[in-house]
There are 2 protein chains.
Amino acid sequence: MTGQVRTVDGRVAGRRGQATRQKLLDCLSEMLSSSPYRDVKVIDVARKAGTSPATFYQYFPDVEGAVLEIAEQMAAEGAGLTELLEGRSWAGKSGWQTAQELVDGFLEFWRKNDAILRVVDLGAAEGDKRFYKLRMKILNSVNNSLADAITALQDKGRVDKDVNPAAVAGSLVAMLAAVAAHQKGFSSWGVKQAELKPNLALLVHLGVTGKKPTK
Amino acid sequence: MTGQVRTVDGRVAGRRGQATRQKLLDCLSEMLSSSPYRDVKVIDVARKAGTSPATFYQYFPDVEGAVLEIAEQMAAEGAGLTELLEGRSWAGKSGWQTAQELVDGFLEFWRKNDAILRVVDLGAAEGDKRFYKLRMKILNSVNNSLADAITALQDKGRVDKDVNPAAVAGSLVAMLAAVAAHQKGFSSWGVKQAELKPNLALLVHLGVTGKKPTK
DNA sequence: ACTTGTCCTGTCATGCCGTCAGCTTACCGA
DNA sequence: TCGGTAAGCTGACGGCATGACAGGACAAGT
């Protein structure tokens with residue numbers, strides 16, 4: 001399905017080419033972590049990778065294109081977030097645990113990929129469909145699972161009928177993503193990591209079940 | 001308090017100068033709405049304002065500096081968000097109304113200033129203290145009011161002692177900001193504006209009081 | 001009209017962008 | 001072993017954005 005990796009001008013990339021390509025991606029990724037997105041220049045990435053700007057343009061149309069590539073790789077990993085919710089129960093003590101583990105996994109994933117996720121977020125907010133789709137891909141797994149859980153509880157009569165599962169799930173996921181993106185911010189707000197997590201889990205649990213968790 | 005408006009090289013700006021300066025800010029603001037942040041160039045802003053790049057650099061050190069200026073103006077308006085919470089009650093039906101009005105006001109403010117807020121968000125996430133402070137300034141009013149409300153309920157014994165008001169308030173505000181930033185996204189997720197608002201209000205109410213609202 | 005200080009722009013050096021022709025390297029079949 | 005072919009890389013170039021400066025235009029007061 002993936003087809004071959006190709007250069008901009010249509011040649012197929014061999015072993016060496018793919019290595020160079022990957023090195024450029026790695027260096028770009030590193031640069032994104034260390035300097036503002038607006039200031040990341042092709043020439044710097046190329047220098048860091050020990051090659052020339054022209055080489056960069058052989059493999060990517062522009063910086064944005066390369067960023068999309070990195071994000072794509074990350075999104076594949078991100079699909080693993082589904083596991084945080086698959087087959088979990090939202091009832092009683094296990095419900096509390098489900099919420100906690102979701103928060104934990106989510107924050108961890110975000111911290112690991114914060115630089116690239118910032119850019120994806122920006123692209124999506126600016127209305128770029130490619131970034132928007134990518135953001136969906138990452139969040140959708142969690143979002144759908146949450147929405148399903150709410151719908152299930154609704155069918156059992158444990159959650160009000162006038163709750164819109166998709167809206168609530170989407171809002172909760174957006175909250176998780178936003179808090180994760182500004183994790184450092186919270187600490188200077190006087191809120192420590194360790195305190196943040198249970199409170200987030202509480203909000204998630206409240207949102208899904210409408211009730212306080214039993215701990 | 002504001003002192004005089006000054007050019008980069010230290011001169012005080014007169015009437016005409018301030019007008020030009022403001023025009024540049026307006027044009028920059030417009031450009032931010034219509035093209036990606038990364039692609040906004042000084043020369044385009046200057047052209048749009050009917051002047052030259054050199055003039056731009058008389059008033060601002062760079063694009064980022066001008067963005068900070070715009071954001072500062074907006075932050076002043078943003079302080080008005082406090083009114084959404086001042087003296088409001090979180091009990092019974094009025095509690096539900098408080099939540100609704102907060103959500104309404106917040107989304108409205110965000111939609112009106114979405115372009116500049118995106119950039120502020122990015123800057124803050126990238127760790128730039130100037131943007132971070134600005135973001136705080138905007139969100140703090142709402143955040144503090146929410147935290148105070150939770151603390152008050154806690155003192156009355158209506159909210160569990162192990163809830164951290166600052167963490168919950170911060171998370172709720174982050175949720176509002178994130179949902180506001182991706183409002184368009186939700187609609188293509190199959191969630192309409194009108195449906196989104198009450199569900200957001202529900203989450204806010206749940207977070208603050210720990211209970212479902214009485215409508 | 002002259003002076004003074006503000007305001008704007010022409011111009012220039014510098015540096016990055018994005019492209020191309022052309023050189024080098026690796027692979028493969030004869 | 002030896003071309004032949006395609007992959008891989010780079011120097012170089014026109015073009016544009018940046019940022020600095022000096023000098024001209026303009027408004028206001030004398």
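Per chain, numbering begins at 1; letters A, B, ... match sequence-line order.
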Original post:
Given side chains that start at C-beta, do those of B/L102 and B/T98 come closer than 4.5 Å, heavy atoms only?
Top reply: no
Please enumerate all residues that pass salt bridge (charged side-chain N to carboxylate O under 4.0 Å, His left out) together with [X], with sequence neighbours excluded.
X: B/E126; answer: none
X: B/E77; answer: none
X: A/E83; answer: none
X: B/D44; answer: B/R47

**OP:** Output the residues of residues 60-71 of chain A in contact with DNA chain C, where contact means a heavy atom of the residue under 4.0 Å from an atom of the strand; sort by number or write none.
**Re:** none
Original post:
Is the phosphate of C/dC8, meaning OP1 or OP2, less than 4.0 Å from a side-chain N or O of B/Y59?
Top reply: yes
Subject >> Nearest-angstrom distance from the residue atom CZ of B/R47 to P of C/dC8 >> reply: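 Rounded to the whole Å, the gap is 18 Å.
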**OP:** Can you tell me the distance, in whole Å, between the CG atom of A/D39 and the P atom of C/dG15?
**Re:**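 Rounded to the whole Å, the gap is 16 Å.
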Subject >> Listed once per pair and sorted, the side-chain hydrogen bond (donor to acceptor under 3.5 Å, both in side chains) pairs that draw on residues 193-206 of chain A, sequence neighbours left out >> reply: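 As it turns out, the side-chain hydrogen bond (donor to acceptor under 3.5 Å, both in side chains) pairs with a partner in residues 193-206 of chain A, which skip direct neighbours, are A/D104-A/K197, A/Q183-A/Q193, A/E195-B/N164, A/H205-A/T209.
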Output a table of nitrogen or oxygen pairs between the protein and nucleotides 9-12 of chain C separated by less than 3.5 Å.
| from | atom 1 | to | atom 2 | distance (Å) |
| --- | --- | --- | --- | --- |
| C/dT9 | OP2 | B/T51 | OG1 | 2.6 |
| C/dT9 | OP2 | B/S52 | N | 3.4 |
| C/dT9 | OP2 | B/T55 | OG1 | 3.3 |

Subject >> Where at least one partner belongs to residues 107-141 of chain A, residue pairs that pass ring pair (Phe, Tyr, Trp, His ring centres under 6.0 Å), sequence neighbours excluded >> reply: A/F106-A/W110
Original post:
Under a criterion of less than 4.0 angstrom to any heavy atom of chain A, what are the 5'-terminal and 3'-terminal contacting nucleotides of DNA chain D?
Top reply: D/dA7 to D/dG11
[atom2] on [Y] to [atom1] on [X], rounded to 0.5 Å:
X: B/L176; Y: B/S171; atom1: CG; atom2: OG; result: 11.0 Å
X: A/K133; Y: A/K129; atom1: NZ; atom2: NZ; result: 9.0 Å
X: A/L85; Y: A/S141; atom1: CG; atom2: OG; result: 8.5 Å
X: A/L134; Y: A/M74; atom1: CG; atom2: CE; result: 6.0 Å

Using distance only, find each side-chain donor-acceptor pair of residues 56-65 of chain A under 3.5 Å and give its atom names and separation, not counting sequence neighbours.
| from | atom 1 | to | atom 2 | distance (Å) |
| --- | --- | --- | --- | --- |
| A/D62 | OD1 | A/E64 | N | 3.3 |
| A/D62 | OD1 | A/G65 | N | 2.8 |
| A/E64 | OE1 | A/R130 | NH2 | 2.6 |

Subject >> For DNA chain D, the residues among residues 10-22 of chain A that have a non-hydrogen atom under 4.0 Å from it >> reply: A/R11, A/V12, A/A13, A/G14, A/R16, A/G17, A/T20
Subject >> salt bridge (Lys or Arg N to Asp or Glu O under 4.0 Å) pairs, two or more places apart, involving residues 28-43 of chain B >> reply: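 Listed once each, the pairs are B/E30-B/K48.
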